[in-house]
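Take a look at the structure set out below.
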Amino acid sequence: MPSSPVPEFDAVLRRMFHRDGVDTLPAYLERAHGIAVEKMTKLDVGVFKIDQDDGAVLVVRMFSAARPFAAAQGDLAVLRHLAELDFPAERPLQGTPLTQHEGQAVLVTEFVKSAPKAEQPPHPIVRLGAGIGRLHGLPVPHDADRPAGALHHFAEGTMSDELRAAASWLDALAKHTPGVAFDAVTDLRAALDDSDGGDGLPEAFVHPDPVPKNAIFTAEGPVLIDWTSAGRGPRLASMTLVLRSKWAARPLLKGYTKSVTLTADERERLAGLLFSRALIDRVFRVCCKPESAPAAAKRLSTLRRDSDKQAELLLAMLA
């Protein structure tokens with residue numbers, strides 16, 4: 001697990017990168033879920049592909065011990081709701097898909113297999129955008145009607161909660177940072193205070209990170225996966241990570257706006273939301289490497305210009 005020169009930031013890194021009991025997870029899955037593990041392959045931090053001895057394949061997500069079990073219960077409620085609505089998403093394991101291993105929630109879902117590119121429908125990113133548009137028109141599940149849109153490693157809640165979390169990281173960093181670097185941290189902190197988290201914009205049932213990496217492209221079309229912390233939030237703010245993409249943003253927005261019309265407020269605030277997403281990422285990097293704070297502060301104006309330019313390009317496409 002990476003370490004930080006700022007002790008208060010270590011809890012963030014631990015939540016992101018550390019899981020207990022990975023070596024005993026196969027035996028636990030057999031004991032608690034009846035899963036006979038033939039092979040376990042790490043896909044991401046806390047995410048494992050499970051090949052069973054009968055040929056069936058599952059995915060196991062083991063969340064940080066710092067994440068409340070109730071949050072994982074909300075994730076399961078989301079998946080069951082999506083299954084009832086026949087929305088293209090991963091499906092929870094039948095029976096008991098959610099348990100705890102060494103104080104960490106364990107959620108088991110069915111594996112979604114991708115199709116060869118030649119067998120996929122055309123324009124996959126446009127189709128992904130259309131799927132997100134459909135999602136934003138669905139009712140929010142009663143058991144997961146919670147603030148959403150933040151990247152769950154950073155905060156539970158909306159992008160505004162992420163901005164507040166990032167501000168707390170910088171406040172901790174400032175206590176350990178003298179001189180020029182302190183001035184840079186202060187400038188970054190002021191930028192966070194002025195940033196837009198999407199409060200007051202139209203809300204919907206959102207996936208917090210609907211990027212192509214979180215979609216499996218099948219013969220029937222894209223299937224969204226990793227619904228961690230999904231719920232209700234400002235719909236445009238939840239899409240900022242993919243809307244910053246130079247290659248995916250325009251086709252995704254083309255598909256999205258087939259069923260969703262951005263409001264005047266959303267159009268006006270798009271650049272600010274894109275800047276907020278970029279700034280949160282930059283602050284995280286600074287907290288991992290405090291000596292980069294002066295360079296990061298100097299790039300604030302560039303981040304704003306890039307966000308303004310990206311928003312201008314996207315809005316021109318919609319004109």
Side-chain angles (χ1 to χ4, degrees), residues 1-19 44-47 64 66-67 149-198 208-214 226 228-229 237-249 271-311:
M1 184 186 78
S3 61
S4 164
V6 183
E8 295 89 340
F9 192 63
D10 284 342
V12 179
L13 296 177
R14 184 175 179 84
R15 176 183 172 112
M16 291 184 67
F17 296 112
H18 182 78
R19 300 293 184 269
D44 202 345
V45 177
V47 184
S64 167
R67 188 170 188 247
L151 301 182
H152 70 92
H153 294 307
F154 292 161
E156 299 281 346
T158 66
M159 181 187 276
S160 289
D161 292 298
E162 275 187 280
L163 290 168
R164 285 187 283 272
S168 73
W169 307 339
L170 286 182
D171 288 344
L173 179 59
K175 298 175 184 177
H176 303 270
T177 308
V180 175
F182 178 84
D183 293 338
V185 169
T186 300
D187 290 342
L188 291 166
R189 181 66 166 82
L192 282 173
D193 287 341
D194 292 338
S195 294
D196 190 349
D209 190 15
V211 295
K213 181 182 177 181
N214 281 332
D226 192 4
T228 308
S229 296
S238 73
M239 298 165 61
T240 48
L241 198 61
V242 67
L243 292 181
R244 289 186 63 229
S245 167
K246 302 302 182 189
W247 68 272
L273 294 172
L274 295 175
F275 174 75
S276 294
R277 174 54 59 207
L279 180 59
I280 292 167
D281 177 70
R282 187 57 52 91
V283 168
F284 174 79
R285 293 172 185 271
V286 165
C287 290
C288 290
K289 192 177 180 182
E291 62 270 25
S292 68
K298 287 179 181 178
R299 283 190 53 81
L300 283 173
S301 58
T302 301
L303 283 184
R304 290 191 188 278
R305 285 196 301 270
D306 289 347
S307 300
D308 290 346
K309 182 178 179 180
Q310 180 72 346

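Here, residue 1 is the first one in the sequence, and each next residue gets the next number.
- Taking D226 as the reference, R61 meet the salt bridge (Lys or Arg N to Asp or Glu O under 4.0 Å) condition, with sequence neighbours excluded.
- A salt bridge (charged side-chain N to carboxylate O under 4.0 Å, His left out) check over residues 282-307, counting only residues at least two apart or in different chains, returns the pairs D281-R285.
- Separation of atoms CG (L273) and CG (L243) is listed at 9.5 Å; rounding is to 0.5 Å.
- With sequence neighbours left out, the side-chain contact (heavy atoms from CB on, under 4.5 Å) criterion links S307 to L274, F275.
- Proximity of a side-chain donor or acceptor of Q310 to a complementary backbone N or O of S245 within less than 3.5 Å is detected.
- For the side-chain contact (heavy atoms from CB on, under 4.5 Å) test, residues two or more places apart in sequence or in another chain that qualify with L192 are L163, A166, A167, L170, L279, V283.
- Put simply, OG1 on T177 and CG on D183 are 10.5 Å apart, with the number rounded to the nearest 0.5 Å.
- A donor-acceptor contact shorter than 3.5 Å links the side chain of N214 to the backbone of D209.
- Distance check: R67 CZ to R15 CZ gives 6.5 Å after rounding to the nearest 0.5 Å.
- Rounding to the nearest 0.5 Å places CZ of R277 at 13.0 Å from CG of L303.
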From CA spacing to verdict: side-chain contact (heavy atoms from CB on, under 4.5 Å), M16, V45: CA-CA 7 Å; M16 291 184 67; V45 177; over 6 Å; no
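- Ring geometry, F154 versus F284: the interplanar angle falls from 30° to 60°, so the pair is classed tilted.
- Between the CD1 atom of I280 and the CE atom of M159 there is a distance of 5.0 Å, given to the nearest 0.5 Å.
- Considering every non-hydrogen atom in both P294 and A181, the closest pair reads CG-CA, 4.2 Å.
- Distance CG/L188 to CG/D193: 11.0 Å, rounded to 0.5 Å.
- Considering all non-hydrogen atoms of both residues, A150 and E162 come closest at CA-OE1, 3.2 Å.
- The shortest side-chain heavy-atom distance between V242 and P212 falls under the 4.5 Å cut-off.
- A distance-only check finds no donor-acceptor pair linking the side chain of S229 to the backbone of E156 [under 3.5 Å].
- Of all non-hydrogen atoms in R14 and R19, the two that sit nearest each other are O-NH1, 4.2 Å.
- Listed by first and then second residue, the salt bridge (charged side-chain N to carboxylate O under 4.0 Å, His left out) pairs involving residues 166-179 are D171-R189 (not counting sequence neighbours).
- In this structure, L13 and C288 have side chains that are in contact, with non-hydrogen atoms separated by less than 4.5 Å.
- Under the rule for a side-chain contact (heavy atoms from CB on, under 4.5 Å), the partners of S160 that lie at least two apart in sequence or sit in another chain are T158, R164, D199.
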